[in-house]
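Here is the structure we will look at, set down as structure tokens.
Here is the naming used below: chain letters follow the sequence lines, and residue numbers restart at 1 for every chain. The analysis underlying the following values was restricted to heavy atoms, covering all of them including side chains, and did not include hydrogens, waters or symmetry mates. If you're wondering where the values come from, they're calculated on a predicted model, not measured in any experiment.
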Number of protein chains: 2
Amino acid sequence: MKKYYTIGDVAARTGISAHTLRYYDKEGLLSFVERSESGKRLFKKEDFEPLYTITVLKKSGMPIKKIREFMTLYLQGNKTIHDRYVMFNDQRQSLLEQIAELEDMLKIVDYKCWYFQEAEKRGDINYYQKLPAEEVDPRIIEFNKIVDDFREGVIKED
Amino acid sequence: MKKYYTIGDVAARTGISAHTLRYYDKEGLLSFVERSESGKRLFKKEDFEPLYTITVLKKSGMPIKKIREFMTLYLQGNKTIHDRYVMFNDQRQSLLEQIAELEDMLKIVDYKCWYFQEAEKRGDINYYQKLPAEEVDPRIIEFNKIVDDFREGVIKED
DNA sequence: ATAGATGTTAGAGTATACTCGAAGTCAAGA
DNA sequence: TCTTGACTTCGAGTATACTCTAACATCTAT
């Protein structure tokens, strides 16, 4: 005899609300879920694997529509293995780009944290403008160069 | 005599559309921008610094409302340096968490890419289930453990 | 047998961030 | 002077991803 999980069980275990699970189903992400005679969703043990995959794709920034495409391939079995590989490989590339961008932002934010602390010590957000050029910290020069590029419309190459 | 940039100039230089710039203004992000007699926005050279800061906060995942809070502090000058430091420091933490999460996802996606390639070679998405336990790659065992935890509602500690 | 928890659907509502269209104003060159 | 292109506001529309409500069905425990 097979054990089934109700939508509430799945919600409690995965932290995805029952509302959201039904929304995902409506959007075609959960077509693999069985139904009882009366129409209730019956999640099986094996269903947690594709459900987990959905959460990974979501957290990787993939939109619902594209996840649906993936699930459509999933339902077709072995003949779509290659297509699914391609989708994951593309997503891998997207993740690398997202991480690189956030790391770039982190560098700027780190600088800003440092700069605000320096400015706070001196009680003046523009303190460096009153210093002789040779006493201005190189980090400030570098940041100002970035802002100048932004103003001049300089496009950064990859 | 002072040089001004029109909204179109700024759009062309920064890649932010004029529509979006007006939207940002309406949302209170661009209160520092001067206006001409006739109501046209006049961007100054110095305005590109806060505008750049806005783009950094945006790309860091900060919502418009919170960026507005930051700009409100910005307009108040030196007395808000500490508060602005705190906001950037919080954003720094948020960025570290976002990067950590994406790196976790990258690990899973890397695994999936590898697994789909193995499955494609064998023409069977569940090939490992037909292998004797000792021949199953440890990466597969590990991934299945993650899925089991997901099903059992195991919460990962930080 | 009945209450109460949990499930179902359809569809409306919310939040966020744009994105666009209409109607009108303004400034510079032919 | 007039045309043209860029600017203005206001408000509506779009896209994404939920999130919730209403009305009803069903399952479970006393």
Side-chain angles (χ1 to χ4, degrees), chain A residues 1-31 33-44 47 51 53-71 91 94 98 101 105 153, chain B residues 1-31 33-44 47 51 53-71 91 94 98 101 105 153:
Chain A
M1 184 194 160
K2 203 153 202 170
K3 209 222 151 171
Y4 289 111
Y5 299 80
T6 67
I7 200 168
D9 291 337
V10 175
R13 282 157 186 273
T14 64
I16 307 167
S17 79
H19 276 312
T20 301
L21 287 166
R22 288 193 201 98
Y23 164 69
Y24 286 172
D25 196 3
K26 192 160 57 178
E27 291 303 313
L29 309 193
L30 305 182
S31 319
V33 178
E34 280 181 31
R35 295 293 187 117
S36 72
E37 283 279 308
S38 62
K40 293 192 176 168
R41 290 171 186 83
L42 301 173
F43 290 79
K44 300 178 295 297
D47 290 346
L51 189 50
T53 301
I54 288 168
T55 70
V56 170
L57 292 174
K58 267 241 77 223
K59 288 181 182 171
S60 302
M62 187 181 279
I64 302 288
K65 276 188 185 175
K66 205 160 176 203
I67 300 177
R68 173 168 56 211
E69 282 176 45
F70 178 80
M71 294 312 297
Q91 197 56 26
S94 158
Q98 289 177 65
E101 165 130 317
M105 294 308 111
Chain B
M1 184 192 158
K2 203 152 201 171
K3 209 222 155 173
Y4 290 111
Y5 299 80
T6 68
I7 199 168
D9 291 338
V10 175
R13 282 157 185 272
T14 65
I16 307 167
S17 80
H19 275 310
T20 301
L21 286 166
R22 288 193 199 98
Y23 165 70
Y24 286 172
D25 196 3
K26 192 160 56 178
E27 292 302 314
L29 309 192
L30 305 182
S31 319
V33 179
E34 280 181 31
R35 295 293 187 116
S36 72
E37 283 279 308
S38 61
K40 293 191 176 168
R41 290 172 188 82
L42 300 174
F43 290 78
K44 298 179 295 297
D47 291 346
L51 188 52
T53 301
I54 289 168
T55 69
V56 170
L57 292 173
K58 267 242 75 223
K59 289 182 182 171
S60 302
M62 187 181 279
I64 301 288
K65 277 187 185 177
K66 204 159 177 205
I67 300 177
R68 172 168 54 210
E69 282 176 46
F70 178 80
M71 295 313 297
Q91 198 56 26
S94 158
Q98 289 177 65
E101 165 130 317
M105 293 309 110

Give, for atom [atom1] of [X] and atom [atom2] of [Y], the distance between the pair rounded to the nearest 0.5 Å.
| X | Y | atom1 | atom2 | value |
| --- | --- | --- | --- | --- |
| B/Thr20 | B/Glu27 | OG1 | CD | 11.5 Å |
| A/Tyr24 | A/Ser17 | OH | OG | 8.5 Å |
| B/Ile7 | B/Lys40 | CD1 | NZ | 11.5 Å |

Legend entry - Residue mapping more 5' on DNA chain C - nearest nucleotide basis, A/Leu42 or A/Lys26: A/Leu42
Legend entry - Carboxylate-amine/guanidinium contact A/Arg41 A/Asp9, below 4.0 Å: no
Legend entry - Charged N-O contact under 4.0 Å between B/Asp47 and B/Lys44: yes
Legend entry - side chain to side chain contact (heavy atoms under 4.5 Å, CB included) evaluation trace for A/Thr53 with A/Phe70: CA-CA 10 Å; A/Thr53 301; A/Phe70 178 80; 3.9 Å; yes
Legend entry - Between the first and last five pairs of the helix from C/dA1-D/dT30 to C/dA30-D/dT1, the angle of the axes, rounded to 10 degrees: 10°
Inset, instruction - Residues of residues 59-71 of chain A with any non-hydrogen atom less than 4.0 angstrom from an atom of DNA chain D: list those, numerically ordered, please. - result: A/Pro63, A/Ile64, A/Lys65
Inset, instruction - Report which part of the nucleic acid B/Arg22 touches: base, sugar-phosphate, or nothing (heavy-atom distance under 4.0 Å, all strands). - result: base
Inset, instruction - Determine the contact category for B/Thr6: base if any of its heavy atoms lies under 4.0 Å from a base atom, sugar-phosphate if only primed atoms, P, OP1 or OP2 are that close, otherwise nothing. - result: sugar-phosphate
Legend entry - side-chain N/O B/Arg41 vs D/dT9 OP1/OP2, d < 4.0 Å: yes
Legend entry - Contact under 4.0 Å: B/Ser38 side-chain N or O vs C/dA27 OP1/OP2: yes
Where the side chain of [X] is concerned, which of [options] is the nearest nucleotide?
| X | options | result |
| --- | --- | --- |
| A/His19 | D/dC7, C/dA17, D/dT21 | D/dT21 |
| B/Tyr24 | D/dT9, D/dT26, C/dC18 | C/dC18 |
| B/Thr20 | C/dT19, C/dT8, D/dA17 | C/dT19 |

Inset, instruction - Mind listing the closest non-hydrogen atom pair of A/Leu21 and A/Leu30 along with its distance? - result: O-CD1, 3.2 Å
Just the rounded figure in Å: distance from [atom2] of [N] to [atom1] of [X].
| X | N | atom1 | atom2 | answer |
| --- | --- | --- | --- | --- |
| B/Lys40 | C/dG24 | NZ | C1' | 12 Å |
| A/Glu34 | C/dG7 | CD | P | 17 Å |
| A/Leu21 | C/dT9 | CG | P | 12 Å |
| B/Leu29 | C/dT16 | CG | P | 13 Å |
| A/Arg35 | D/dC27 | CZ | P | 14 Å |
| B/Glu27 | C/dT19 | CD | C1' | 14 Å |
| B/Tyr23 | C/dT19 | OH | P | 10 Å |
| A/Leu57 | D/dT16 | CG | P | 17 Å |

Legend entry - Cation-pi, A/Tyr5 ring and A/Lys3 (6.0 angstrom, 45 degrees): yes
Inset, instruction - Might you work through the side chain to side chain contact (heavy atoms under 4.5 Å, CB included) test for A/His19 and A/Arg22, ending with a clear yes or no? - result: CA-CA 5 Å; A/His19 276 312; A/Arg22 288 193 201 98; 4.1 Å; yes
Legend entry - Check: A/Ile16 and A/Val10 side chains under 4.5 Å, non-hydrogen atoms: no
